[in-house]
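Below is one structure; the comments refer to it alone.
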Amino acid sequence: IAKNEDSENLKVRKMLVELGRAVNGFRKVVTNIDGYVYEGDKGSLKFRPVWVDGFAQEYVWRHCDKVLIASGSIISPEARARDLGIPSGSWQYIDEPSRCDVERRIIQVVPVADMTMKAAVDGDSMKKICNELIKIAERHPEERILEHTVSFDRTRKIEAALTKHFQDKGSDRDVIAYYAERRKKGDKTVAAAGLTKMEALDRFRSSNAGIILGASVERGVDLPHDVCRVCVLIKLPHLSLGDKCVSRRYYTPDGTVNG
């Protein structure tokens with residue numbers, strides 16, 4: 001028992017030494033602690049900068065001759081350049097209109113249920129969403145559909161509802177769900193169950209009118225023409241205020257919204 005106690009003490013002592021080194025290293029580069037959020041947990045020490053403009057030049061921009069930053073929408077290029085630490089006068093903004101005909105990119109807003117986190121606890125809201133997704137699937141019986149579910153919890157609920165619907169009517173329509181390839185389990189990161197992102201996409205591309213669900217499956221992929229004819233977002237994917245950095249950017253120190 002004493003030997004086990006000594007081993008545990010050595011483990012704690014080693015952890016404290018490592019934390020001390022991390023703190024000393026942090027103090028060398030940080031002049032204002034107010035610009036950081038603390039996210040340490042169970043012996044770990046983790047600080048994240050609220051804004052990265054003070055680091056971007058040193059760690060990113062000086063290593064590149066030219067950089068292309070592309071986005072579907074940049075509301076304020078001046079604000080984006082400032083937040084990314086790009087010096088004034090060293091960048092150019094190019095606004096390129098979509099080359100796809102408006103008739104081919106119609107966005108239909110269908111208000112069905114309250115999609116706030118508070119309402120997410122209410123099973124009735126998800127039931128309404130699932131019923132509407134079933135109607136959309138029935139209106140497009142021969143087309144592949146991508147459904148952005150925003151969260152993996154919603155993915156599971158929608159997958160269950162759609163799968164049951166098609167099984168009950170004797171349909172073999174494929175419902176494909178993608179979850180995170182890695183997930184946290186205590187202090188460890190382990191592989192998630194189910195299909196990987198590429199496996200899910202390959203199955204979707206080869207399916208006959210398949211439906212693919214996921215909170216991030218559409219990022220960085222191209223599903224042109226008949227590969228995917230219908231895209232559904234069950235809610236706008238806003239940044240989570242549960243993220244301490246996002247919250248600090250959104251709110252001023254006195255609790256008002258940062259304008």
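Here the structure is a predicted model, which means the values were calculated and not measured.
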> With sequence neighbours excluded, what pairs up with R203 under the side-chain hydrogen bond (donor to acceptor under 3.5 Å, both in side chains) test?
Replying inline: D174

> Among all residues two or more places apart in sequence or in another chain, which pass the side-chain contact (heavy atoms from CB on, under 4.5 Å) test with E199?
Replying inline: L195, T196

> Looking only at heavy atoms, what is the nearest atom pair of C228 and V230, with distance?
Replying inline: SG-O, 3.4 Å

> Please, which pairs that meet side-chain hydrogen bond (donor to acceptor under 3.5 Å, both in side chains) have at least one residue in residues 133-146, sequence neighbours excluded?
Replying inline: E138-H165, E138-K169, H140-E143

>> Could you see if I134 belongs to whatever hydrophobic cluster contains V110? Use Ile, Leu, Val, Met, Phe, Trp, Tyr and a side-chain cutoff under 4.5 Å.
In response: yes

> With N131, which residues qualify under side-chain hydrogen bond (donor to acceptor under 3.5 Å, both in side chains), at least two apart?
Replying inline: none

> Can you name the residues that form a side-chain contact (heavy atoms from CB on, under 4.5 Å) with A113, not counting sequence neighbours?
Replying inline: S125, K128, I129

> Can you name the side-chain contact (heavy atoms from CB on, under 4.5 Å) partners of P141, sequence neighbours left out?
Replying inline: none

Which atom pairs, one a donor and one an acceptor, fall under 3.5 Å between side chains of residues 66-81 and the rest of the protein, sequence neighbours left out?
from: S71; atom 1: OG; to: S73; atom 2: N; distance (Å): 3.4
from: S71; atom 1: OG; to: S73; atom 2: O; distance (Å): 3.1
from: S76; atom 1: OG; to: A79; atom 2: N; distance (Å): 3.2

> Any salt bridge (Lys or Arg N to Asp or Glu O under 4.0 Å) pairs touching residues 85-98, not counting sequence neighbours?
Replying inline: E96-R99

>> Please determine whether a side-chain nitrogen of the Lys or Arg among D124 and K127 lies less than 4.0 Å from a carboxylate oxygen of the Asp or Glu.
In response: no

>> The criterion is side-chain contact (heavy atoms from CB on, under 4.5 Å); which residues satisfy it with P97, sequence neighbours excluded?
In response: none

>> Show the nearest heavy-atom pair for residues F152 and Y178, with the distance to one decimal.
In response: CE2-O, 3.8 Å

>> Assess the residue pair D202 and K197 against the criterion (salt bridge (Lys or Arg N to Asp or Glu O under 4.0 Å)); give the C-alpha distance rounded to whole Å, side-chain angles, the decisive distance to 0.1 Å, and a yes or no.
In response: CA-CA 9 Å; D202 288 343; K197 183 174 183 176; over 6 Å; no

> Considering residues at least two apart in sequence or located in another chain, which fulfil the salt bridge (charged side-chain N to carboxylate O under 4.0 Å, His left out) criterion with R229?
Replying inline: D226

> Which atom pair, heavy atoms only, marks the closest approach of W61 to L84?
Replying inline: NE1-O, 2.7 Å

> Is the closest side-chain heavy-atom distance between L213 and I176 below 4.5 Å?
Replying inline: no

> At their closest point, which heavy atom of H63 faces which heavy atom of E58, and how far apart are they?
Replying inline: NE2-O, 3.3 Å

> Given side chains that start at C-beta, do those of K235 and R154 come closer than 4.5 Å, heavy atoms only?
Replying inline: yes

>> On a heavy-atom basis, which atom in V232 and which in I145 lie closest, and how many Å separate them?
In response: CG2-CG2, 4.2 Å

>> Holding to side-chain hydrogen bond (donor to acceptor under 3.5 Å, both in side chains), I want the full list of residues that pass it with K244, two or more places apart in sequence or in another chain.
In response: none

> So, do L223 and R205 sit near enough that their side-chain heavy atoms are less than 4.5 Å apart?
Replying inline: yes

> D168: what forms a side-chain hydrogen bond (donor to acceptor under 3.5 Å, both in side chains) with it, not counting sequence neighbours?
Replying inline: K164

> If you take all heavy atoms of F55 and P49, which pair is closest and at what distance?
Replying inline: CE1-CB, 3.8 Å

